[in-house]
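Note sheet for the following structure.
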2 protein chains.
Amino acid sequence: MSNNQFKRGELYSVINGMATTAVARRLQKNFRNAGLEITIEQWSVLYHLWKEDELSQQELGTRTFRDKASITRLIDNLEKLGLVIRVASKTDRRVNLVCLTDAAKPLQQMTYDLANQTMHESLKNISKEEIEIVKNVFQRVYDNLTSPDLS
Amino acid sequence: MSNNQFKRGELYSVINGMATTAVARRLQKNFRNAGLEITIEQWSVLYHLWKEDELSQQELGTRTFRDKASITRLIDNLEKLGLVIRVASKTDRRVNLVCLTDAAKPLQQMTYDLANQTMHESLKNISKEEIEIVKNVFQRVYDNLTSPDLS
DNA sequence: TTGAATTAGTTGCATAACTAACTATATGTC
DNA sequence: GACATATAGTTAGTTATGCAACTAATTCAA
């Protein structure tokens, strides 16, 4: 009966190895070709800071689906690049607020444009409806795996 | 007009950070809970060898969407675990054929069952039609990014 | 108010990814 | 046959991931 839904391992290997990393690799390549020396992982952090600056590392982890240790090291590298700084929170001394520097500003429009270009290359001939379904399925997969089991 | 198709970065962050890694993490966790000491990356190589044994590293790279260097080290680690061996090809001395050992045999059914279980957890309440659309979109994204541009 | 439990962040360890440079073998062409 | 080119695999260097153990600060509760 499981085989009614998917051939063994097939969907898994599709999900894990193919389209998603192809998109990531293309975006990384487009960054490099444009002379940008940041990784897509670093970009994903900057992306959330451009939406809302001065987030805690914890909050950045939640928004980018990473654990604390990964965020610690991503912020280390972004600090080395001079794109963010850690500022101690005044209300909770455990917390670092991650703040964009002036050096990060010029990257915003450039990386948005490259991300859009990459999405256009990736989503050529794919309809809005299909994209909505994919996004919706992904959200539900994520919810299936992260919400507590109520059964 | 790009915003007609997707909100900036939104689909990207969905694809890159969320559902796919949640599935991978869950499968890894299910392996660990079952006492299996292999990574999902190692499993993805074994998976293809169970379908067809004695593949070259090159061919394994193609089938698992990895580059040569990644395959070299995955095979290194699988050899250390005693699950595969490298056998020099008799017809082309550049080629290593990667061969399953007897130690890998008992893992096949067990990991298939765990992968199926993981897929059931992930795909709860997601219809066959939606799964087909996701698979189809992924294939077309991959094709968009890997086939030569004919425009 | 003191002691337990929780939360934020860091560090060590192992695995894995990509790029680029490298060796060795094979192939194709003059 | 000899040289250029292509292919298979390895290695070095950098970045990233997950887990577990750890410190420091905060909160909760008796």
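In what follows, chains are A, B, ... by sequence order, proteins preceding strands, each numbered from 1. Side-chain atoms are counted along with the backbone in the values below, which use heavy atoms only and exclude waters and symmetry mates.
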Heavy-atom nearest nucleotide on DNA chain D for B/Lys68 versus B/Lys29: which residue maps closer to 5'? B/Lys68

What is the distance from atom OG1 of B/Thr118 to atom CG of B/Asn30, rounded to the nearest 0.5 Å? 4.0 Å

The reported gap from OG in A/Ser56 to NZ in A/Lys68 (rounded to nearest 0.5 angstrom) is 11.5 Å

Minimum heavy-atom distance between B/Leu55 and B/Leu60, given as atom pair plus value: CD1-CD2, 3.9 Å

Salt-bridged, A/Glu41 to A/Arg66, with N to O below 4.0 Å? no

Holding to salt bridge (Lys or Arg N to Asp or Glu O under 4.0 Å), I want the full list of residues that pass it with B/Glu130, two or more places apart in sequence or in another chain. A/Arg140

Give a yes/no answer on whether the side chain of B/Arg25 brings an N or O atom under 4.0 Å of OP1 or OP2 in D/dC19. no

Run the numbers on A/Asp102 and A/Lys105 for side-chain contact (heavy atoms from CB on, under 4.5 Å), then give the verdict. CA-CA 5 Å; A/Asp102 289 345; A/Lys105 292 215 174 83; 3.0 Å; yes

Could you give the angle between the helix axes at the two ends of the helix from C/dT1-D/dA30 to C/dC30-D/dG1, with five pairs per end, rounded to 10 degrees? 20°

Could you tell me which residues satisfy side-chain hydrogen bond (donor to acceptor under 3.5 Å, both in side chains) with A/Asp76, sequence neighbours excluded, listed by chain and number? A/Arg86

Rounded to the nearest Å, what distance is computed from the CD atom of residue B/Glu41 to the C1' atom of nucleotide D/dG18? 10 Å

CD1/A/Ile131 to CG/A/Asn136 distance, rounded to the nearest 0.5 angstrom? 13.5 Å

Starting from the 5' end of DNA chain C, give me the residue, B/Ile71 or A/Gln57, whose nearest nucleotide shows up first. A/Gln57

Same hydrophobic cluster for B/Leu97 and B/Leu46, using side-chain heavy-atom links shorter than 4.5 Å among ILVMFWY? no

NE2/B/His48 to NZ/B/Lys51 distance, rounded to the nearest 0.5 angstrom? 5.5 Å

To the nearest 0.5 Å, atom CD1 of A/Ile133 lies from atom CD1 of B/Ile133 at 3.5 Å

Hey, where on DNA chain C does chain A first and last touch, going 5' to 3'? Cut-off is any atom under 4.0 Å from a heavy atom. C/dT7 to C/dT19

Identify whether any heavy atom of B/Asn96 sits under 4.0 Å from a base atom; if not, whether one sits that close to sugar-phosphate; answer base, sugar-phosphate or nothing. sugar-phosphate

Got a sec? Which of residues 73-85 of chain B come in under 4.0 Å of DNA chain D, heavy atoms? B/Arg73

Table of protein N/O atoms under 3.5 Å from nucleotides 23-29 of chain D N/O atoms:
unit_1 : atom_1 : unit_2  : atom_2 : d
D/dT26 : OP1    : A/Arg93 : N      : 3.0

Let me check something: do B/Leu36 and B/Leu81 share a hydrophobic cluster, defined by ILVMFWY side-chain heavy atoms less than 4.5 Å apart, either directly or through other members? yes

With respect to the phosphate group of D/dA16, does any side-chain polar atom (N or O) of A/Gln42 fall under 4.0 Å of OP1 or OP2? yes

Can you tell me if B/Arg86 touches the phosphate of D/dT10, counting only side-chain N or O atoms and a distance under 4.0 Å to OP1 or OP2? yes

Choosing from D/dG9, D/dA16, D/dG18, which nucleotide comes nearest the side chain of B/Val95? D/dG9

Is the shortest side-chain N/O distance from B/Thr72 to OP1 or OP2 of D/dT11 below 4.0 Å? no

Nucleotide D/dC19, atom P - distance to CZ of B/Arg26 in whole Å: 12 Å

Rounding to 0.5 Å, atoms CD1 (B/Ile40) and CZ (B/Arg26) come to a distance of 13.0 Å

Closest non-hydrogen atoms of A/Ala103 and A/Pro106, given as atom of the first, atom of the second and distance, are O-CD, 3.3 Å

